[in-house]
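Computed from a predicted structure; not experimentally measured. In what follows, every heavy atom counts, from backbone to side chain, and hydrogens, waters and symmetry copies are set aside.
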Amino acid sequence: MYQLLALINGIILSVMISVNGNLSVQYSAFTAAAIIHAVGSLFALLLCASQKNRKPVWTHRPKWIYLGGAIGVFTTVFQNLAFTYISITSVIALGLLGQTVTSLVIDSSGLFGMEKRPLPRYAFIGLGLSVFGIFVMLDTSVTTAALGAAISFASGISMVLSRTANARLAEKTGALQGSLVNHLVGLPITVILAFAVAAASGTSAAASAGGSFRPWIYFGGALGVVVVMS
């Protein structure tokens, strides 16, 4: 069951990155991140309002479990930026590579209170095939955009760190409320970043790139809630 859930999560994540990438083209990576978190916060809040048995949210320890939303801001911004440099396939592939490396470090060392799970020797065969598959997914856009490739890899690292914190929080608050907290923590950070970058560049944080209205590009935040929950 959990393997199937992870597969579905990966599918939703791929769609979400594409949706958010189009939003970042319409606005900018930082303004898009603020919109994504605003939509996600509202969507999660509406879902939580329908829950009957809600657990306490802000009183748990250790306090670092609340940092998932802050770290997740980097994931969203990195993915949005990378989308402007390289293909969506390469963004996903390099993100997976970053996730794989970071996950191995956390599992083998038991960081952040996670169960220590040393990698058995025979698992290196599967790991090698996975890494090979990731590199096969890459296309020529990576060779001409090293910055985009590095950003995509970094997004994979931040995603694992964010998910680890969110998982620890969800153990105490429930998956849905944990997702709400994740977006509420990230929202003010993305808003501040959007206005700071706009002020530094002399543009408006609300400025649009123009073009036809595409309502589907605003649903990335809702998909993000599902991804964090799953």
Side-chain angles (χ1 to χ4, degrees), residues 9-40 68-103 105 130-164 166 182-183 186-187 189-194 196-198 200-201 203 205 207-209 211 214 216-228:
N9 181 276
I11 295 172
I12 297 174
L13 179 63
S14 299
V15 175
M16 183 190 74
I17 292 175
S18 178
V19 171
N20 291 343
N22 278 276
L23 185 67
S24 67
V25 171
Q26 185 75 22
Y27 295 92
S28 71
F30 296 95
T31 301
I35 295 173
I36 290 163
H37 279 77
V39 172
I71 301 172
V73 170
F74 291 97
T75 303
T76 302
V77 171
F78 287 160
Q79 289 173 344
N80 289 349
L81 286 172
F83 187 86
T84 63
Y85 288 100
I86 59 180
S87 68
I88 184 66
T89 301
S90 295
V91 172
I92 295 293
L94 289 164
L96 285 173
L97 181 59
Q99 290 179 57
T100 301
V101 172
T102 309
S103 298
V105 173
S130 297
V131 173
F132 175 74
I134 289 171
F135 278 102
V136 169
M137 288 173 62
L138 300 179
D139 56 35
T140 55
S141 67
V142 176
T143 60
T144 58
L147 178 59
I151 293 173
S152 294
F153 183 81
S155 75
I157 297 175
S158 62
M159 181 177 293
V160 172
L161 296 177
S162 176
R163 284 181 173 180
T164 302
N166 288 335
N182 174 82
H183 286 82
L187 179 58
I189 298 175
T190 55
V191 171
I192 292 172
L193 280 175
V197 172
S201 60
T203 60
S208 167
R214 297 174 295 167
W216 59 269
I217 66 176
Y218 296 92
F219 285 94
L223 293 175
V225 171
V226 178
V227 167
V228 174

Quick check: closest heavy atoms across S103 and V160, and the distance to 0.1 Å? OG-CG2, 3.5 Å
Using the test side chain to side chain donor-acceptor pair (under 3.5 Å), find all partners of Y85 that sit at least two apart in sequence or belong to another chain. none
At their closest point, which heavy atom of S152 faces which heavy atom of A82, and how far apart are they? OG-CB, 3.2 Å
Please lay out, stage by stage, how L13 and I17 fare under the test side chain to side chain contact (heavy atoms under 4.5 Å, CB included). CA-CA 6 Å; L13 179 63; I17 292 175; 4.1 Å; yes
Kindly give the heavy-atom pair with the smallest separation between N182 and S162, and that separation in Å. OD1-OG, 4.1 Å
Applying side chain to side chain contact (heavy atoms under 4.5 Å, CB included), run through I86 and L94 and close with a yes or a no. CA-CA 11 Å; I86 59 180; L94 289 164; 4.0 Å; yes
Distance-only, no hydrogens or angles: does the S24 side chain make a donor-acceptor pair with backbone N or O of G21 under 3.5 Å? yes
With sequence neighbours left out, which residue pairs that include part of residues 70-80 fulfil the side-chain hydrogen bond (donor to acceptor under 3.5 Å, both in side chains) condition? T75-S158
Under the side chain to side chain contact (heavy atoms under 4.5 Å, CB included) test, which residues partner I157, sequence neighbours left out? T102, F153, L161
Does T84 use its side chain to pair, donor to acceptor, with the backbone of L81 at less than 3.5 Å? yes
Search all heavy atoms of H37 against all heavy atoms of H183 and return the closest pair with its distance. CD2-O, 3.8 Å
Please work out whether the ring planes of Y27 and Y218 are parallel, tilted or perpendicular, with thresholds of 30° and 60°. perpendicular
